[in-house]
> 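The structure is given below, and queries will be raised subsequently.
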Amino acid sequence: MNPELDLVLVNPFVLVERRERLRKMEPYPPLGLAALAAWVRQRGYRVAIVDGTFHPSLGGLIRELDGTRSKVAGVYAMNGFRSQALAVVRSLAASGRTVLCGGPDPAVYPEVYLRAGARVAARSEGEATLTDLLAHFLKNEGALHEIAGITYISGGDLVTTVP
């Protein structure tokens with residue numbers, strides 16, 4: 001079994017489940033996740049990327065994620081694969097992990113992801129925000145309301161921090 005990670009970053013886009021993209025061979029390489037992984041590694045966090053692009057199925061991707069050991073999971077999402085992202089968010093949240101969401105769709109529709117089980121939706125560039133969120137969730141440093149560029153639920157209410 002893999003050693004426990006601090007963070008697993010997930011690209012939930014599964015090309016074979018998007019027939020129109022598969023026919024055109026239009027994958028979404030997770031370059032943003034690679035940049036985030038490099039950023040947090042430089043700050044001492046143990047991180048891995050699980051890329052669903054060429055995975056044989058969404059169910060298989062979820063099973064692979066079940067086999068990873070991480071305290072926090074970050075899920076990238078775009079409108080074009082929202083349903084896949086939400087399925088991954090629900091599964092990760094059900095496993096007891098802290099789920100963070102980022103990308104264009106959670107930035108515009110944070111409540112959709114938060115109601116699916118994510119703890120936080122990022123609305124801005126991820127590097128500084130992710131570093132602050134990892135410090136909060138892994139080291140109990142800082143309060144969520146002090147982290148800029150996020151939306152979360154507190155007491156049933158949607159809370160949006162400063163940009």
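A quick note: this is a predicted structure, and the numbers were derived from the prediction, not measured.
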> I'd like to know if the side chain of Arg97 and the backbone of Lys71 have a donor-acceptor N/O pair within less than 3.5 Å.
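Not confirmed, Arg97 side chain does not pair with Lys71 backbone.
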
> Give the cluster check for Trp39 versus Leu133: same hydrophobic cluster or not, with ILVMFWY residues linked at side-chain heavy-atom distances below 4.5 Å.
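Yes; tracing contacts between hydrophobic side chains, which count when under 4.5 Å, links both residues.
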
> How long is the gap from CG on Asp132 to CD1 on Ile150, to the nearest 0.5 Å?
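One finds 8.5 Å between CG of Asp132 and CD1 of Ile150.
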
> Is the side chain of Thr129 donor-acceptor paired with the backbone N or O of Gly126 at a distance under 3.5 Å, no angle test?
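Flag not set: sc Thr129 to bb Gly126 has no pair under 3.5 Å.
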
> Ignoring hydrogens, what is the shortest heavy-atom contact between Ala93 and Val99? Give both atom names and the distance.
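It is N-CG2, 3.7 Å.
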
> I need the minimum non-hydrogen distance between Val89 and Cys101, along with the two atoms involved.
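So the minimum-distance heavy-atom pair works out to CG2-SG, 3.6 Å.
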
> Hey, could you give me the CD/OG1 distance between Glu141 and Thr131, rounded to the nearest 0.5 Å?
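The distance works out to 11.5 Å.
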
> Does Leu158 share a hydrophobic cluster with Ile147, counting links as ILVMFWY side-chain heavy atoms below 4.5 Å and allowing steps through other members?
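No; Ile147 is not reachable from Leu158 via cluster members.
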
> Please check if the side chain of His136 supplies one atom and the backbone of Gly142 the other of a donor-acceptor pair under 3.5 Å.
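Yes; at least one donor-acceptor contact below 3.5 Å.
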
> Where do Ser70 and Val8 come nearest, in terms of heavy atoms and distance?
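Looks like OG-CG1, 3.2 Å.
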
> Any luck finding a side-chain donor-acceptor pair between Asn11 and Thr53 under 3.5 Å?
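Yes, Thr53 and Asn11 have a side-chain donor paired with an acceptor closer than 3.5 Å.
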
> Testing the basics here: between Leu9 and Leu33, what is the closest heavy-atom pair and its distance to 0.1 Å?
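Heavy atoms only, the tightest pair is CD1-O, 3.5 Å.
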
> Where the side chain of Ser57 meets the backbone of Gly60, is there a donor-acceptor pair that is under 3.5 Å apart?
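Flag set: sc Ser57 to bb Gly60 pair under 3.5 Å.
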
> Check step by step if side-chain contact (heavy atoms from CB on, under 4.5 Å) holds for Phe137 and Val120.
CA-CA 11 Å; Phe137 287 113; Val120 173; 4.0 Å; yes

> To the nearest 0.5 Å, what is the distance between CG (Leu58) and CZ (Phe13)?
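Nearest 0.5 Å value for the CG-CZ distance: 11.5 Å.
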
> Just how far is it from atom CG of Leu36 to atom CD1 of Ile49, taken to the nearest 0.5 Å?
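Interatomic distance, Leu36 CG to Ile49 CD1, rounded to 0.5 Å: 8.5 Å.
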
> With a 3.5 Å cut-off and sequence neighbours excluded, list the donor-acceptor pairs that the side chains of residues 105-118 form with protein atoms.
{"from": "Asp105", "atom 1": "OD1", "to": "Arg82", "atom 2": "NH2", "distance (Å)": "2.9"}
{"from": "Asp105", "atom 1": "OD2", "to": "Arg82", "atom 2": "NE", "distance (Å)": "2.6"}
{"from": "Asp105", "atom 1": "OD2", "to": "Arg82", "atom 2": "NH2", "distance (Å)": "3.3"}
{"from": "Asp105", "atom 1": "OD2", "to": "Tyr113", "atom 2": "OH", "distance (Å)": "2.5"}
{"from": "Glu111", "atom 1": "OE2", "to": "Arg115", "atom 2": "NE", "distance (Å)": "3.1"}
{"from": "Glu111", "atom 1": "OE2", "to": "Arg115", "atom 2": "NH2", "distance (Å)": "3.1"}

> Looking at CG of Asp66 and CG of Leu92, how far apart are the two atoms once the value is rounded to the nearest 0.5 Å?
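It comes to 7.5 Å.
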
> Under the side-chain contact (heavy atoms from CB on, under 4.5 Å) rule, what do Arg43 and Leu134 come out as? Steps first, then yes or no, please.
CA-CA 10 Å; Arg43 280 139 189 88; Leu134 290 174; over 6 Å; no

> Quick one: does any side-chain atom of Thr161 pair with a main-chain N or O of His145 as donor and acceptor, under 3.5 Å?
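Pair absent, no side-chain N/O of Thr161 close to backbone of His145.
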
> For Gly103 and Tyr76, work out which heavy atoms get closest and say how close.
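Shortest heavy-atom contact: CA-CE1, 3.7 Å.
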
> Give a yes or no on whether Glu125 atom CD has more than 12 heavy-atom contacts from other residues, nucleotides or ligands under 6.0 Å away.
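Count not over threshold, so no.
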
> What is the minimum heavy-atom distance between Ser91 and Ile62, and which atoms define it?
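Reported closest heavy-atom pair: OG-CG2, 3.1 Å.
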
> Can any side-chain N or O of Asp6 pair as donor or acceptor with the backbone N or O of Val47 at less than 3.5 Å?
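Side chain of Asp6 to backbone of Val47, a donor-acceptor pair under 3.5 Å: no, none is there.
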
